[in-house]
Amino acid sequence: MIRVAVVGAGGRLGSQVCRVVEAEDDFELFARLGSKDSLEALAGADLVVDVTRHDVSPAVVASALAHGARVVVGTSGWSAERLAELQDSLDEGQTVVVIPNFSLGSTISTVVAGLIARHIPAVEIVETHHINKVDSPSGTAIRTAEIVSEARGDVSGLDGIPAVPQGAESQPARGHNVAGVPVHSLRLPGVLAQQDVVFAGAGETVTLSHVTLSRDSYDAGISATLRFAASPAHTGLIVGLDRVLGISA
Ligand SMILES: NC(=O)c1ccc[n+]([C@@H]2O[C@H](COP(=O)([O-])OP(=O)(O)OC[C@H]3O[C@@H](n4cnc5c(N)ncnc54)[C@H](OP(=O)(O)O)[C@@H]3O)[C@@H](O)[C@H]2O)c1
C-alpha cells in the first residue's frame, strides 16, 4: 500500500484528489491536512500531494521532502524561476512532480497544437473561462502559445502570420501578445473553460478545441500522476502531465 497524504484536502481540488486516492486499490489515504494542521503529520507518508495556495506550496514541498516522501504539486503559481530553485535544491533520489493542469484532453491538445504549428504557423488562441477567473490570459493559454511559438520557430520572413501589435494602444482588440501569438480572453457566466487554437494555412483553417465540461476531467490525470510519482523509476523534478503520459513534444 502506498500511503498518501493530501495537503489542502478540504479544498475543491484536494477533495477530488482524496476521492481518486480512495478509489485506487493500492493507495491508502493516510492523512488529510488543512490550514490548521501541522505539517509534522506528514511523517510516515510515502507520497504527499500539495493542492493548497501558491504562497503555501513551497513550505509543504520542503516539509514533505524532509519527511522522506515523494511529492506531487497541483497548486498553481510555480514560476520557471521557482521551479529552477526547487530543482537545484533536490537531493539525489528525491522526486517532485509538478502538474499545472491535470486535464488529459487539455494536455494532449497542447501537444498536438505544437505539432500542427510546425507545419501551419499562422495561429491565434481564444480562451474562455467563467466570469470569476481572476487572471488572463489563462496559464494554459500562455503555455500553449509558448509551445506553438517554439514549435514554429522563426516566422519573421513568412507571409500570413497574424500581425500582433506590440503596443496595446495601437490595436488592443487584436489580442494579447504571448510569445508572438495573439491570445484573446473571454470571461462569460456559465462557461467552465474552453480553449480554441485556430490555425490558418493556404486555403484552410484548423481549429483545435478543448472544452471542460466538469472537474471530472482531472480524475484520469490525477490517477496517472499518483502512479507515476509513486514509482521509484521516476526521480528529480518532473513538470507537466505530458511528461507523465510520455507524450512531450
Ligand atoms: N493542477 C490543476 O489541474 C489544478 C486544477 C484546479 C486548481 N488548481 C490549483 O490548485 C490549488 C487549490 O485549488 P482549489 O480550487 O482546491 O482551492 P481551494 O478550494 O481554495 O482549496 C485550497 C485548500 O488549501 C488549504 N490551505 C490553505 N492554506 C494552507 C496551509 N497553510 N496549510 C495547509 N493547507 C492550506 C485550504 O485549507 P483550509 O480549508 O483549512 O483553509 C484549502 O483546503 C490552487 O492553486 C489552484 O489554482 C490546479
Side-chain angles (χ1 to χ4, degrees), residues 4-21 29-43 45 47-67 69 71-80 82-83 86 96-111 127-144 185 187 191-195 210-229 237-245 247:
V4 183
V6 180
V7 188
R12 281 162 296 186
L13 186 56
S15 43
Q16 189 166 359
V17 171
C18 291
R19 179 169 54 71
V20 172
V21 170
L29 190 54
F30 170 79
R32 298 171 185 250
L33 306 188
S35 55
K36 298 196 169 48
D37 298 304
S38 162
L39 291 174
E40 288 308 309
L42 296 177
L47 187 62
V48 171
V49 183
D50 166 70
V51 276
T52 56
R53 295 189 334 218
H54 74 97
D55 55 329
V56 172
S57 187
V60 175
V61 173
S63 178
L65 291 171
H67 282 96
V71 187
V72 170
V73 176
T75 306
S76 310
W78 278 78
S79 63
R82 207 195 242 192
L83 287 169
L86 174 60
V96 181
V97 183
V98 179
I99 307 293
N101 188 342
F102 280 115
S103 158
L104 218 52
S106 174
T107 302
I108 294 167
S109 298
T110 303
V111 172
E127 59 96 349
T128 312
H129 280 83
H130 54 87
I131 197 88
N132 295 321
K133 186 168 174 62
V134 291
D135 56 322
S136 65
S138 70
T140 301
I142 291 171
R143 186 75 194 117
T144 306
S185 297
R187 296 290 174 261
V191 178
L192 202 52
Q194 173 159 354
Q195 178 168 286
H210 175 260
V211 183
T212 304
L213 302 175
S214 79
R215 295 173 74 99
D216 290 350
S217 60
Y218 298 142
D219 283 10
I222 293 170
S223 174
T225 303
L226 293 174
R227 288 195 177 282
F228 180 92
L237 176 67
I238 296 136
V239 182
L241 189 59
D242 55 330
R243 295 277 312 279
V244 168
L245 299 173
I247 58 166

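Along the sequence shown, the residues carry numbers beginning at 1. Whatever order the structure lists them in is the order used to number ligands and atoms, beginning at 1.
For atom 17 (O) of ligand 1, the nearest protein heavy atom (residue, atom name, distance) is Arg12 NH2, 3.8 Å. At the shortest separation from atom 41 (O) of ligand 1 among protein heavy atoms lies Ser35 OG, 3.2 Å.
In Val51, the part holding a heavy atom less than 4.0 Å from any atom of ligand 1 is the backbone. If you look at Ser57 next to ligand 1, there are no close heavy atoms at all, none under 4.0 Å. At a 4.0 Å heavy-atom cut-off, ligand 1 touches Val7 through the side chain alone.
Of the N or O atoms in Ile99, one or more lie within a sub-3.5 Å distance of an N or O in ligand 1. Here's the thing with Ala9: none of its N/O atoms is less than 3.5 angstrom from an N/O atom of ligand 1. Residue Lys36 has no nitrogen or oxygen atom sitting less than 3.5 Å from a nitrogen or oxygen atom of ligand 1, judged on distance alone. Below 3.5 Å of separation, one finds no N or O of Ser103 facing any N or O of ligand 1. Below 3.5 Å of separation, one finds an N or O of Ser76 facing an N or O of ligand 1. At least one N or O atom of Gly11 sits closer than 3.5 Å to an N or O atom of ligand 1. Between Phe102 and ligand 1, a contact under 3.5 Å exists for at least one N or O pair.
Closest heavy-atom contact between Val51 and Gly74: CG1-CA, 4.1 Å. Among all heavy-atom pairs drawn from Ala31 and Ala41, the shortest one is CB-O, 4.3 Å.
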